[in-house]
Amino acid sequence: MSKDSLSNKEQQRREFILNGNLYSVVPYICIPLALYQGFNWLFKVIDNIMASHISSTTVSAVAYLTQVNQIILAIGTGLATGGSIIISRFYGAGNYDKVKRFVNSLFSMCTLISLVIMMMAPFSRQILRFFGTPEVLIDEGLGYFVLGLLDIIIIFFNTIYIAIERSRGNSKRILVINVLSMIIKVILTGLFVYVFNFGINMIAVAGIIANLFITIPGFLILSFNDSPFKFKARYWLFKKEDSLPTVKLGFPVITEKIAFAAGKIAVNSMSAAYGAETVGALGITNNISGIVTMLQNGFQEGCSSIISQNIGANKLDRALKTFRVTLLYNVIIGIVGYTLTMIFLPQLARLFAPEDKAFADMICFIYQYEAAGIIPLGINATAMAFLYGFGYTKLTLCVNFCRVLVFRVPLLWIIVHFTNLGIEAMGIVMCVSNILVSIMSGIIVGVLYYKVKHNKISIDNKQISK
């Protein structure tokens, strides 16, 4: 397929990513993705704020069940990540027929997985018990979880669509459709909770409706265009040469995210030793730190896409410089974010506990420890972008496995069973694990960066030349 298959606007964007000033390219691509991540964070915050209006048990149920959902969502996220790496490389290399094949292969795999998830609904209570969910939270949130399974299927398709747009550098479109979705989410959740006084299930319904406002435009955009990203029925077949590379790159990401979410569930379960409300407080401190880390993750996603495209175009030096530029931006975000969240921490805590001062104080107490890991996490996010962009997904599995299941869960278990520390233990564990994983990922990427820079390892680019 020739370069003429791209529109003039898309040709200009591709040229800009491959040849423009990286101090302009990185924010151009990454800021909309950072805002997109911020809106995703806002969805979770809104759920918690609205849930807190219902009861403290409800907000704890939302916080806990969200982590269970993340395990299932890991499958779609992993496939989207693997597919995005490959699509970006083909796109950077100008191999548009391969782009079309892998786009459609991703959606066919997503459809198959969605059918499996639908069959999980009748066993929801057993699934929640398997993950150690307290019975009080199961009773409160069972319907929310069942509706969440339907939402997960919708999010699967959204995640892959967004990954496709990200791989072509079209981050502004991602931002626009998510702003629309966010506005709908806010309006519907407010109506359901504050006006009609509905329960936790309608929070999930609001999320489903809002996410459909991404799914439907995404489907129309990919169905009615003449770009390499168009749906083609003849590619909706499972072919080894199309599916296997995506699964190969995506499987470590799936495993990594499942392990990460499972570790968070284990942390939530152990945190219950300090009282049921500690589970909710920990989820809320994660949401507060998410104000900053979601922005850093947006720069991570954009950076990995830029790196992949430049590797596809055989511009290794430019791919390495993309890492350096993004690292600078992410450290700045971490410094500013840490400062602002600490200054406004009392006000942020009261958002989640407007009528419960003790609960708000618990949130502040835990967060003061957790916040120390925000700046190091900017380094970790950029290191992950390097590993994803260069296709080292097995190393991302190793890093994130260690983050929760080596640096976090064992430390918390020791503190719970062998010390007299109170709820500050939760903040200490989060802080220590986040700093240690940042050191680990920084060392790994430092070594790889040196080897790539000095041609001591070769980048496997054979697949995009076929």
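Along the sequence shown, residues are numbered consecutively beginning with 1. Below, each value reflects all heavy atoms present in this structure, side chains not excepted, and no hydrogens, waters or symmetry copies. Every value quoted in this text rests on a predicted model; they were computed, and no experiment measured them.
- The only member of N178, T215, D151 that meets side-chain hydrogen bond (donor to acceptor under 3.5 Å, both in side chains) when paired with N158 is T215.
- Salt bridge absent: D317 and K321 never bring a charged side-chain N and a carboxylate O closer than 4.0 Å.
- Within a 6.0 Å radius of OH in Y194, more than 12 heavy atoms belonging to other residues, nucleotides or ligands are found.
- Between atom CE of residue M294 and atom CG of residue N287 there is a gap of 9.0 Å, rounded to the nearest 0.5 Å.
- Judged as a side chain to side chain contact (heavy atoms under 4.5 Å, CB included), and not counting sequence neighbours, the contacts of V205 are L147, F192, M202, I209.
- Residues N19 and R318 bring no donor and acceptor atom of their side chains to less than 3.5 Å of each other.
- Taking the centre of each ring, Y96 and F90 stay at or above the 6.0 Å mark.
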Residues 24-31 side chain polar contacts: donor-acceptor under 3.5 Å, at least two apart:
none

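- Around the CZ atom of F198, the shell of radius 6.0 Å holds more than 12 heavy atoms that belong to other residues, nucleotides or ligands.
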TODO: Report the C-alpha distance between I75 and I117 in whole Å, list the side-chain angles of each, state the deciding distance to 0.1 Å, and finish with yes or no for side-chain contact (heavy atoms from CB on, under 4.5 Å).
DONE: CA-CA 11 Å; I75 301 172; I117 291 173; 5.6 Å; no

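- The side-chain hydrogen bond (donor to acceptor under 3.5 Å, both in side chains) test with E370 is passed by exactly one of N434, T341, T285: T285.
- Aromatic ring pairs are classed by plane angle as parallel below 30°, tilted from 30° to 60° and perpendicular above 60°; the pair F386 and F323 is perpendicular.
- Note: F365 and Y369 have perpendicular aromatic rings, judged against thresholds of 30 and 60 degrees for the angle between ring planes.
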Open item on the list: With side-chain contact (heavy atoms from CB on, under 4.5 Å) as the criterion, how do R173 and I221 come out once you've worked through the C-alpha distance, each side chain's angles and the decisive distance to 0.1 Å?
Closed with: CA-CA 11 Å; R173 179 175 289 170; I221 288 168; 3.2 Å; yes

